[in-house]
Amino acid sequence: MSKSAKWSPKENESKRLPIYQHKSKLIQAVKDSSFLVVTGETGSGKTTQLPQYLREAGFCKDGKIGITQPRRVAAITVAQRVAQEMQCTLGKEVGYQVRFDDCTSQDTVVKYMTDGCLLREVLADPALSQYSVIILDEVHERSLNTDILLGLIKKVFTNPAKATKGRSFPLKVVVMSATLEADKLSAFLSNCPVFAIPGRTFPVTCTFGSAVGPKDLESTGYVKEVVKVALDIHTSEMAGDILVFLTGQSEIEHACDMLFEKAECIDYRYDVTDQSVDGLLILPLYGSMPTDQQRQIFQPPPPGIRKCVVATNIAATSLTIDGIKYIVDSGFVKQLNHNSRVGMDILEVVPISKSEAQQRAGRAGRTSAGKCFRIYTKEFWETCMPEYTIPEIQRTSLTAVILTLKCLGIHDVIRFPYLDCPEERFILEALKQLYQFDAIDRRGNVTKLGELMVEFPLHPGLTRALLKAASLGCQDLLLPVAAMLSVENIFIRPGHPDKQKEADKKHRALAAKTGSMNDFATLLNVFQSCKSSDRPSAWCKENWIHWRALKSAFSVETQLRDILHRLQQKKDFPVETFDGNKSELFRRCLCTGYFTNVARRSIGKVFCTMDGHGSMVHIHPSSSLFDQEAELNWVIFHDVLATSRVYIRTVCPIRYEWVKDLLPKLHEVDAYELSSVAREEVTAEEMTKWESREAAKRQSEVSNEDAMKKLEKRNNETTVSDARARYLQRKQQRQQSKAL
DNA sequence: AGAAAAGCC
């Protein structure tokens with residue numbers, strides 16, 4: 001057939017995918033129902049093929065097909081592949097949109113995008129009127145944005161009265177997920193049908209170990225054990241590469257060092273050119289690693305050499321390495337959890353879930369049968385590992401998300417249809433913060449300021465400070481700072497002690513140049529100095545600054561500037577004036593967004609937070625204020641880190657007068673009030689109760705002095721977090737094992 | 001006296 005000669009290899013390949021034989025049934029299933037759950041493991045072809053099938057079947061007549069992904073790279077690479085398969089130019093019929101990169105046009109009918117992008121679109125067009133089909137992909141990963149989109153879709157489109165509002169034709173929704181969550185998702189979306197596509201993976205045999213049991217929850221013995229197991233594999237198993245899962249950068253470097261000492265190896269750090277050694281090629285892999293080093297991971301090892309990649313969870317979903325046949329699973333992961341008891345985010349090492357362990361094991365079966373060596377016992381699996389990973393929505397700060405919902409007109413944020421409901425106190429905490437930032441009023445309604453704030457892709461506190469600066473005409477001070485604080489850490493601190501000293505020295509010099517001992521000012525200085533440099537990347541290298549991170553800060557700043565510029569065109573954008581010097585102006589703006597993060601010197605180097613929790617904190621060693629003895633009594637800070645101590649990081653000295661009038665706001669309102677009046681059905685009784693409490697409150701305004709006394713009292717009682725205790729214990733064990 | 005996971009608008 002002459003037609004077949006035209007087929008590209010890709011096209012042939014797509015017909016061999018497991019999904020192909022279900023094509024007509026799948027199209028019919030989408031036609032038959034407004035909601036559909038499609039399950040299929042990685043490799044089934046659902047992400048690339050389903051949108052093409054639906055386009056062929058005429059679903060693009062009235063609108064676009066939108067497919068969401070939790071990650072940027074996935075959205076881009078999948079769009080590239082589909083454009084190739086459809087033999088069209090990327091950005092024409094097939095396109096993608098991620099932050100900073102919109103590759104779509106008028107012609108685009110198949111649009112891949114990140115879930116965050118679609119959420120932004122919903123804010124502008126809640127009816128999603130441009131789309132005929134929305135496909136949510138990788139729903140089992142339960143990213144915060146995907147979860148919110150799911151809830152919004154349920155709320156709007158399962159209600160026939162609301163579903164047609166703002167639309168001229170009905171919307172089709174397809175939710176794609178790994179097999180495990182299928183029934184739950186179907187139940188959530190009005191018991192919609194489930195379509196299962198078989199996967200194409202190879203069997204992976206899993207074995208349990210004996211090294212880590214339920215009693216070893218707080219120990220770091222797993223680092224030693226994974227090294228031992230990896231060496232065992234190297235000496236006794238058939239050819240095939242190894243992937244080791246650990247939790248963080250320093251741990252990975254340590255494990256690589258141990259492997260290098262114990263095996264006949266090539267370590268890329270010392271010797272990549274000598275390919276004559278028969279042995280192990282050891283490659284660390286974590287997110288903040290330079291990209292050219294990351295690229296080495298994907299190259300096949302030299303002949304006769306086995307590759308051993310030691311990675312963080314980045315290798316579980318974000319990156320796929322070919323040729324992996326053996327997995328060594330430590331059973332742990334580092335996770336950022338919001339702790340509402342102490343009111344902060346804590347980065348901690350926790351056991352992975354059973355489903356995550358299966359995901360890790362699956363990485364060995366991509367190209368052939370594989371083996372997974374779990375270093376923990378069966379008992380550990382049964383008693384310490386939860387069935388599923390707790391979804392992000394249940395363990396992060398919800399302030400920004402709640403503001404988004406409020407701006408979408410969803411007042412009852414407690415009874416929003418969450419697939420998994422966050423704890424009520426998390427929601428209340430978010431409401432309280434929004435109230436403190438003047439984003440919502442006492443009745444839980446979004447204020448004018450709140451409507452401005454939701455436009456910015458930033459934490460609300462940072463946005464609040466930025467808007468204050470804008471109203472005072474000094475946005476140029478705050479825009480770079482906001483950008484710098486919303487990208488990954490820009491200061492490089494190498495593992496080698498000598499280089500560490502060198503880096504620290506450079507960083508201190510950057511701080512000193514501002515002449516003000518204010519970490520926010522240092523960020524501004526780094527931003528401006530690099531930007532005005534002739535050779536910015538060389539400047540970064542010289543000063544131990546992450547060029548990649550700083551580059552993204554440059555783009556973020558431009559984006560924030562554009563958003564701000566657009567909002568300032570509005571006629572009711574607030575305008576204020578201020579008399580005083582620049583440094584005070586800068587710091588006063590910061591106070592507007594950071595008065596929830598105020599600390600006061602207590603005794604010596606110990607500070608005490610003024611947020612109502614009264615935690616004892618120290619200034620982080622990376623801060624320019626770390627060794628300042630000066631009369632430094634009041635500070636604001638950007639974030640908290642719980643390691644050997646509870647540290648505040650990115651710190652700025654302030655005067656008490658600047659926050660005096662703001663601090664009472666931290667105590668004046670009970671979060672329950674914000675939520676109960678926000679609920680759609682408020683009983684008359686509830687209303688009177690609330691009114692009378694309001695009246696009582698007005699009569700007895702809590703004075704600052706009273707609030708301070710209360711905090712002082714709490715200081716003596718509390719409150720170093722559990723995370724710190726665990727850290728100390730681990731450190732001790734580490735030292736003991738070192739001594740042996 | 002001492003330190004950072006992944007991802008997204």
Side-chain angles (χ1 to χ4, degrees), chain A residues 68-75 97-102 113-124 138 141-149 245-253 285-289 311-319 332-337 345-350 352 356 389 392 395-396 400-401 403-404 453-460 463 483 486-495 497 500-501 503-504 507 546 549 552 555-556 559-560 562-563 604-605 618-623 626-627 639-650 727 731:
Chain A
T68 68
Q69 295 290 325
R71 280 173 299 280
R72 294 166 59 96
V73 266
Q97 187 184 354
V98 298
R99 190 184 189 182
F100 304 126
D101 193 0
D102 183 358
M113 60 188 131
T114 50
D115 49 9
C117 267
L118 186 62
L119 196 54
R120 284 281 145 185
E121 282 187 31
V122 173
L123 218 42
E138 313 282 12
E141 286 189 26
R142 305 297 307 276
S143 84
L144 184 58
N145 290 333
T146 298
D147 267 19
I148 294 295
L149 283 169
F245 281 104
L246 282 174
T247 71
Q249 173 177 349
S250 62
E251 214 171 75
I252 286 169
E253 297 287 356
L285 172 64
Y286 43 83
S288 64
M289 222 166 70
T312 60
N313 236 21
I314 194 173
T317 47
S318 310
L319 299 174
F332 290 95
V333 71
K334 202 173 275 181
Q335 216 172 48
L336 187 70
N337 291 323
D345 293 333
I346 297 175
L347 196 63
E348 52 189 347
V349 174
V350 293
I352 57 171
E356 203 170 342
T389 308
E392 205 180 346
R395 55 181 171 83
T396 49
V401 159
L403 180 60
T404 309
M453 280 168 66
V454 81
E455 299 287 329
F456 291 89
L458 291 174
H459 179 271
T463 312
S486 59
V487 301
E488 55 184 312
N489 186 10
I490 53 142
F491 296 103
I492 298 172
R493 193 154 196 269
Q500 231 169 57
K501 270 185 194 159
D504 290 352
H507 295 161
H546 240 289
S552 55
S555 341
V556 173
Q559 187 193 28
L560 298 177
D562 291 346
I563 295 169
K605 295 202 170 216
H618 286 75
I619 293 180
H620 195 270
S622 66
S623 170
F626 177 63
D627 42 17
D639 63 354
V640 183
L641 203 70
T643 48
S644 58
R645 277 178 171 158
V646 180
Y647 287 109
I648 52 176
R649 210 166 42 159
T650 317
Y727 177 90
K731 192 172 177 181

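Below, all heavy atoms of this structure are taken into account, side chains as well, without hydrogens, waters or symmetry copies. Every chain is numbered from 1 and lettered A, B, ... according to where its sequence line falls, protein lines coming before strand lines.
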Does the side chain of A:R72 get closer than 4.0 angstrom to OP1 or OP2 of B:dC9 through an N or O atom? yes

Among B:dC9, B:dG7, B:dA3, the one nearest any side-chain atom of A:R71 is B:dG7

A:I648 CD1 to B:dG2 P: how many Å, rounded? 16 Å

Apply the test side-chain contact (heavy atoms from CB on, under 4.5 Å) to residues A:H546 and A:V487: give CA-CA distance (whole Å), side-chain angles for both, the deciding distance (0.1 Å), then the verdict. CA-CA 11 Å; A:H546 240 289; A:V487 301; over 6 Å; no

Determine, stepwise, if the pair A:V454 / A:T404 fulfils side-chain contact (heavy atoms from CB on, under 4.5 Å). CA-CA 6 Å; A:V454 81; A:T404 309; 4.2 Å; yes

Using a cut-off of 4.0 Å on non-hydrogen atoms, how would the nucleic acid contact of A:V333 be classed: base, sugar-phosphate, or nothing? nothing

Distance-only donor-acceptor test (3.5 Å): side chain A:N313, base B:dA5: no

Side chain of A:C117, heavy atoms from C-beta onward: which of B:dC8, B:dA5, B:dC9 has the nearest atom to it? B:dC9

Could you say whether A:Q335 or A:P457 is positioned toward the 5' end of DNA chain B, judged by the nucleotide with the nearest heavy atom to each? A:Q335

Rounded to whole Å, the CD-P distance (A:Q500 to B:dG2) equals 13 Å

What does A:D115 touch in the nucleic acid at a heavy-atom separation under 4.0 angstrom: a base, only the sugar-phosphate, or nothing? nothing

Under-4.0 Å side-chain N/O to phosphate OP1/OP2 contact, A:S622 with B:dA3: no

B:dA6 P sits how many Å from A:R395 CZ, rounded? 14 Å

For side-chain contact (heavy atoms from CB on, under 4.5 Å), just list the numbers for A:E138 and A:T317, CA-CA rounded to whole Å, side-chain angles, deciding distance to a tenth of an Å, and then say yes or no. CA-CA 10 Å; A:E138 313 282 12; A:T317 47; over 6 Å; no

With the six-membered base ring of B:dA1 as reference, does the ring of A:F626 sit under 5.5 Å away with planes under 30° apart? yes

Considering every strand and a 4.0 Å limit on heavy-atom distances, what is the contact class for A:E392: base, sugar-phosphate, or nothing? base

Taking only residues two or more places apart in sequence or in another chain, which ones pass salt bridge (Lys or Arg N to Asp or Glu O under 4.0 Å) with A:D102? none

Which part of the nucleic acid, if any, lies within reach of A:T247 when heavy atoms closer than 4.0 Å are counted: base, sugar-phosphate only, or nothing? sugar-phosphate

A:L144 CG to B:dC8 P, straight-line distance once rounded to whole Å: 14 Å

Give the nucleotide from the list B:dC9, B:dA5, B:dA6 with an atom nearest to the side chain of A:Q249. B:dA5

What's the closest nucleotide to the A:I314 side chain, out of B:dA3, B:dA6, B:dA4? B:dA6

Could you state the CD1-P distance from A:I619 to B:dA3, rounded to the nearest angstrom? 16 Å

Identify which nucleotide among B:dG2, B:dC9, B:dG7 has an atom closest to any side-chain atom of A:R493, counting heavy atoms from C-beta outward. B:dG2

Would you say a side-chain N or O of A:S143 is under 4.0 Å from OP1 or OP2 of B:dC8? no

Could you state the CD-C1' distance from A:E253 to B:dA3, rounded to the nearest angstrom? 15 Å

Nearest-angstrom distance from the residue atom CZ of A:F332 to C1' of B:dA6: 19 Å

Residues which pass side chain to side chain contact (heavy atoms under 4.5 Å, CB included) with A:S143, listed by chain and number, not counting sequence neighbours: A:P70, A:D115, A:N145, A:T146, A:E392

In whole angstroms, the gap separating P of B:dA4 from CG of A:N489 amounts to 11 Å

If you measure from the Lys or Arg side-chain nitrogens to the Asp or Glu carboxylate oxygens, is any gap between A:E251 and A:K334 under 4.0 Å? no

Considering only side-chain heavy atoms of A:T114, which listed nucleotide, B:dC8, B:dG7, B:dA5, is closest? B:dC8

